[in-house]
J.: 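Right, I'll just put the structure down here and ask away after.
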Amino acid sequence: MSTYCVKADVENVFGIENVKQWSDIENAGSANTTRITQAIAVASERIDDVARTINYTIPLADEDATDSVTITDLTAVLAGLWLYEARGAQDYNPQTGEVTHRFEFKRQRAEQLLADI
C-alpha cells in the first residue's frame, strides 16, 4: 500500500503539538508514531477508494500523486482529522456554547475535493 504523505505533512497542516497530543491517546507525553502511520494509511486508502471508482491505477502512479501538492495536502488533512476525532476531542462555540467540530471546514473542503475528483 502506498501512502501519499508523511508525518511532517500532517504536522504542517495541524501543528506539531496538536499531532503529538491527538496521537497520544495513552497520555504518555510523546507522539505515537504508530497511530500517526495508521492515520496516514487510512487517509491514503480513502483516496485510493475514490480513485478506484474512476478507474485510476492504484496506487496512484508517481506522476499522479508523488509530486501532487493537492494529494499530499488532502492526505495530511484526512490523517489529521482521523487523529483529532479518534482522540475524542470536543470544542465549544464560544458564542452559543454548543459542541462544535473545530476543523469542520477542513473536513468539508476535503470531502468536496474528493467529490470533485
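Quick caveat: nothing in here was measured; it's all calculated off a predicted structure.
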J.: Is Leu81 reachable from Val6 through a run of I, L, V, M, F, W or Y residues, each pair having side-chain heavy atoms under 4.5 Å apart?
T.: no
J.: Applying salt bridge (charged side-chain N to carboxylate O under 4.0 Å, His left out), which residue pairs with at least one partner in residues 18-31 are found, sequence neighbours left out?
T.: Glu17-Lys20
J.: Which is it for Asp9 and Tyr4 under the side-chain contact (heavy atoms from CB on, under 4.5 Å) test, yes or no, and what are the steps along the way?
T.: CA-CA 10 Å; Asp9 297 318; Tyr4 302 121; over 6 Å; no
J.: Given 3.5 Å as the limit, does a donor-acceptor pair link the side chain of Ser23 with the main chain of Ala31, or not?
T.: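 Such a contact is absent between Ser23 side chain and Ala31 backbone.
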J.: Could you give the distance from CD (Glu111) to CZ (Arg46), rounded to the nearest 0.5 Å?
T.: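 These two atoms lie 5.0 Å from each other.
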J.: In chain order, what residues pass the side chain to side chain contact (heavy atoms under 4.5 Å, CB included) check against Ala39, with sequence neighbours excluded?
T.: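 Once residues adjacent in sequence are excluded, the partners of Ala39 under the side chain to side chain contact (heavy atoms under 4.5 Å, CB included) criterion are Ala79, Trp82, Leu83.
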J.: To the nearest 0.5 Å, what is the distance between CD1 (Ile40) and CD (Glu45)?
T.: 14.5 Å
J.: Return the SG to CD1 distance between Cys5 and Ile47, rounded to the nearest 0.5 Å.
T.: 8.0 Å
J.: Counting the benzene-type ring for Trp, do Tyr84 and Phe14 have ring centres under 6.0 Å apart?
T.: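 Ring-ring flag for Tyr84/Phe14: false, centres at least 6.0 Å apart.
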J.: Check this for me: does any side-chain nitrogen of one of Asp49 and Arg52 sit under 4.0 Å from a carboxylate oxygen of the other?
T.: yes
J.: Can you measure from CG (Leu74) to OG (Ser68) and round to the nearest 0.5 angstrom?
T.: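 The CG atom of Leu74 sits 9.0 Å away from the OG atom of Ser68.
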J.: For a side-chain contact (heavy atoms from CB on, under 4.5 Å) with Asp73, tell me which candidate from Thr75, Ile71, Val77, Thr70 qualifies.
T.: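 By the side-chain contact (heavy atoms from CB on, under 4.5 Å) criterion, Asp73 pairs with just one of Thr75, Ile71, Val77, Thr70: Val77.
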